[in-house]
Amino acid sequence: MDLRLMRYFVACVENKTMHAAAEAVHVSQPALSKAINNLEAQLGVKLLDRRPRGVVPTPFGDTLFRYAKMIDSEVRRAVAEIDAMRGMTRGMIVIGVIPTMSGVMAQVAREVMETLPGLKLKLRIAFSAELTAALFDGELDFALLLLPDETSPMGLTFEPLVRTGPRVAVRAGHPLTARLALTLSDLARYPWLIPDYPPSHRAIINRAFLDAGMPPPTGAVEVSTVIFFDAVVRATDLVTVVPSTLFSARETGLVPLDVDFPFPREHVGLAFREGSTLLPGARATMAIIRQECLKLPGQLSDA
């Protein structure tokens with residue numbers, strides 16, 4: 001099967017219109033349509049439903065898309081490894097990053113640009129649950145994740161780098177920041193935003209309220225994108241839960257509250273699929289990440 005046709009198909013699914021996909025792969029729209037027709041003819045099934053507002057994959061298309069993404073990723077890795085054998089560190093490394101470590105990754109990107117100019121980084125900022133799924137789907141070379149102590153999903157290799165722990169937080173200037181001694185009743189007066197991952201955070205908060213004879217806080221807002229997460233908390237009186245690394249990695253506009261929930265200790269670390277081949281560029285970038293994490297409170301060399 002022609003890999004070029006596979007790339008064209010992936011572009012159609014990701015861009016959702018033939019026009020945008022044609023621009024993404026630098027071909028004309030008629031040429032792209034012809035290529036997709038050829039691919040459908042080869043497989044003997046319809047891959048895309050053409051609709052007035054764009055294209056959506058059929059069930060056959062969904063299956064092909066999942067494998068096509070993995071094939072494209074493996075081909076990219078093969079080319080990069082051949083380059084490395086020739087003494088060249090170049091190509092693209094796709095890295096997943098939790099939002100609390102975006103400040104660290106900014107420093108890593110600067111170091112990569114200075115020391116590995118042939119290497120390109122593609123960063124995907126998301127919560128750990130989304131990044132874990134992306135690792136299993138072969139969409140990432142590796143990721144910087146938050147995981148509870150002694151927890152690593154089956155099929156992933158996890159290297160802890162920084163100890164952290166959840167903190168209840170609000171925006172700077174929130175009424176709760178002016179109180180000297182906070183109670184659950186104080187926290188219950190305000191709406192909450194509790195991320196879905198890890199689920200233990202919500203369970204621990206709910207149990208604390210129930211043990212005190214109070215109904216657990218209900219989520220006033222659900223956020224599916226990390227870009228909006230910080231913004232909505234900074235602009236409202238929402239109470240939220242974030243890793244303590246957030247306060248050391250960058251200026252956030254959030255303030256931790258002095259309240260005591262029995263949250264477990266957690267780690268931020270590097271994760272990749274078991275059995276996957278880490279490219280030289282990925283290994284070099286991971287080494288830079290390790291050095292940057294040494295500058296953070298809770299880094300494991302403190303042990």
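Along the sequence shown, residues are numbered consecutively beginning with 1. Both backbone and side-chain heavy atoms feed into the values below; hydrogens, waters and symmetry mates do not.
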Looking only at non-hydrogen atoms, find the nearest pair between Leu32 and Ala21 and report the distance. CD2-CB, 3.6 Å

Contact check, side chains of Tyr190 and Pro217, non-hydrogen atoms, under 4.5 Å: no

Assess the residue pair Leu184 and Met214 against the criterion (side chain to side chain contact (heavy atoms under 4.5 Å, CB included)); give the C-alpha distance rounded to whole Å, side-chain angles, the decisive distance to 0.1 Å, and a yes or no. CA-CA 9 Å; Leu184 290 179; Met214 303 169 61; 4.0 Å; yes

Residue that, paired with Met101, satisfies side-chain contact (heavy atoms from CB on, under 4.5 Å) out of Ile289, Leu296, Ile125, Val108: Leu296

Look at Asp186 together with Arg179 and state whether they make a salt bridge at an N to O cut-off of under 4.0 Å. yes

Considering non-hydrogen atoms only, spot the tightest contact between Ser33 and Met18 and give its length. OG-CE, 3.4 Å

Strictly distance-based, threshold 3.5 Å: is any side-chain N or O of Thr240 a donor or acceptor partner for the main-chain N or O of Ile194? no

What distance do Leu156 atom CG and Leu147 atom CG have between them, rounded to the nearest 0.5 Å? 8.0 Å

Compare all side-chain heavy atoms of Pro57 with those of Leu47 and state whether any distance is below 4.5 angstrom. no

Contacts table for residues 139-146: side-chain donor-acceptor under 3.5 angstrom, sequence neighbours left out:
residue, atom, partner, partner atom, Å
Glu139, OE1, Arg124, NH1, 2.5
Asp141, OD1, Arg77, NE, 3.0
Asp141, OD1, Arg77, NH2, 3.4
Asp141, OD2, Arg76, NH1, 3.2
Asp141, OD2, Arg76, NH2, 3.3
Asp141, OD2, Val94, N, 2.7

Kindly work out whether a path of hydrophobic side-chain contacts (I/L/V/M/F/W/Y, heavy atoms less than 4.5 Å apart) joins Val45 to Met6. yes

In Å, rounded to the nearest 0.5 Å, how long is the span from CG of Asn38 to CD of Glu40? 9.5 Å

Give the minimum heavy-atom separation between Asn15 and Ala24, together with the two atoms involved. ND2-CB, 3.8 Å

Quick one: does Pro160's side chain get under 4.5 Å of Val268's, heavy atoms only? no

Check whether any side-chain heavy atom of Val170 sits under 4.5 Å from a side-chain heavy atom of Leu257, and report yes or no. yes

Compare every heavy atom of Ala126 with every heavy atom of Leu131, then report the nearest pair and how far apart it is. CD1-O, 3.5 Å

Is there a side-chain contact between Leu279 and Ile93, using heavy atoms and a 4.5 Å cut-off? yes

The reported gap from CG in Asp137 to OH in Tyr67 (rounded to nearest 0.5 angstrom) is 10.5 Å

Quick one: are Ile95 and Met105 in side-chain contact, heavy atoms under 4.5 Å? yes

Measure across Ile98 and Ser128 and return the closest heavy-atom pair with its distance rounded to 0.1 Å. CG2-OG, 3.3 Å

Mind checking whether His267 and Phe158 have ring centres under 6.0 Å apart? no

Report yes if some heavy atom in the side chain of Glu159 is under 4.5 Å from a heavy atom in the side chain of Leu161; otherwise report no. yes

So for atom CG, which belongs to Asp258, do other residues, nucleotides or ligands contribute more than 12 heavy atoms lying within a distance under 6.0 Å? no

Worked verdict on Leu39 versus Leu64 for side chain to side chain contact (heavy atoms under 4.5 Å, CB included): CA-CA 11 Å; Leu39 183 59; Leu64 180 63; 4.0 Å; yes

Please determine whether residues Leu43 and Phe9 belong to a single hydrophobic cluster, defined as Ile, Leu, Val, Met, Phe, Trp and Tyr linked transitively by side-chain heavy-atom distances below 4.5 Å. yes

Any chance you could measure Gln107, atom CD, to Glu111, atom CD, to the nearest 0.5 Å? 9.0 Å

Going by the rule ring-ring contact (aromatic ring centres under 6.0 Å, His included), which residues pair with Phe263 if we only count those two or more places apart in sequence or in a different chain? His201, Phe261

Taking every heavy atom of Gly54 against every heavy atom of Thr17, the minimum-distance pair comes out as CA-CG2, 4.1 Å

Would you find a donor on one side and an acceptor on the other, under 3.5 Å apart, between the side chain of Trp192 and the backbone of Leu187? yes

Backbone N/O of Thr236 and side chain of Arg171: donor-acceptor pair under 3.5 Å: yes

Give a yes or no on whether Phe272 and Phe136 share a hydrophobic cluster (residues Ile, Leu, Val, Met, Phe, Trp, Tyr; joining criterion: side-chain heavy atoms under 4.5 Å apart). yes

Are Leu3 and Phe65 in one and the same hydrophobic cluster, where Ile, Leu, Val, Met, Phe, Trp and Tyr link if side-chain heavy atoms are under 4.5 Å apart? yes

Please walk me through it: do Arg51 and Val55 pass side chain to side chain contact (heavy atoms under 4.5 Å, CB included)? CA-CA 6 Å; Arg51 298 180 180 178; Val55 294; over 6 Å; no

Tell me whether Asp211 is salt-bridged to Arg207, with the criterion being a basic N under 4.0 Å from an acidic carboxylate O. yes

How far does CG of Leu278 sit from CG of Leu270, to the nearest 0.5 angstrom? 9.5 Å

Heavy atoms from other residues, nucleotides or ligands near CZ of Phe209 exceed 12 (cutoff 6.0 Å): yes

Could you state whether Val10 and Val56 fall into the same hydrophobic cluster, counting links through intermediate Ile, Leu, Val, Met, Phe, Trp or Tyr residues with side-chain heavy atoms under 4.5 angstrom apart? no

Residues Lys69 and Glu14 bridged, charged N to O under 4.0 Å: yes

Decide yes or no for Pro166 and Val242: does some side-chain heavy atom of the first lie under 4.5 Å from some side-chain heavy atom of the second? no

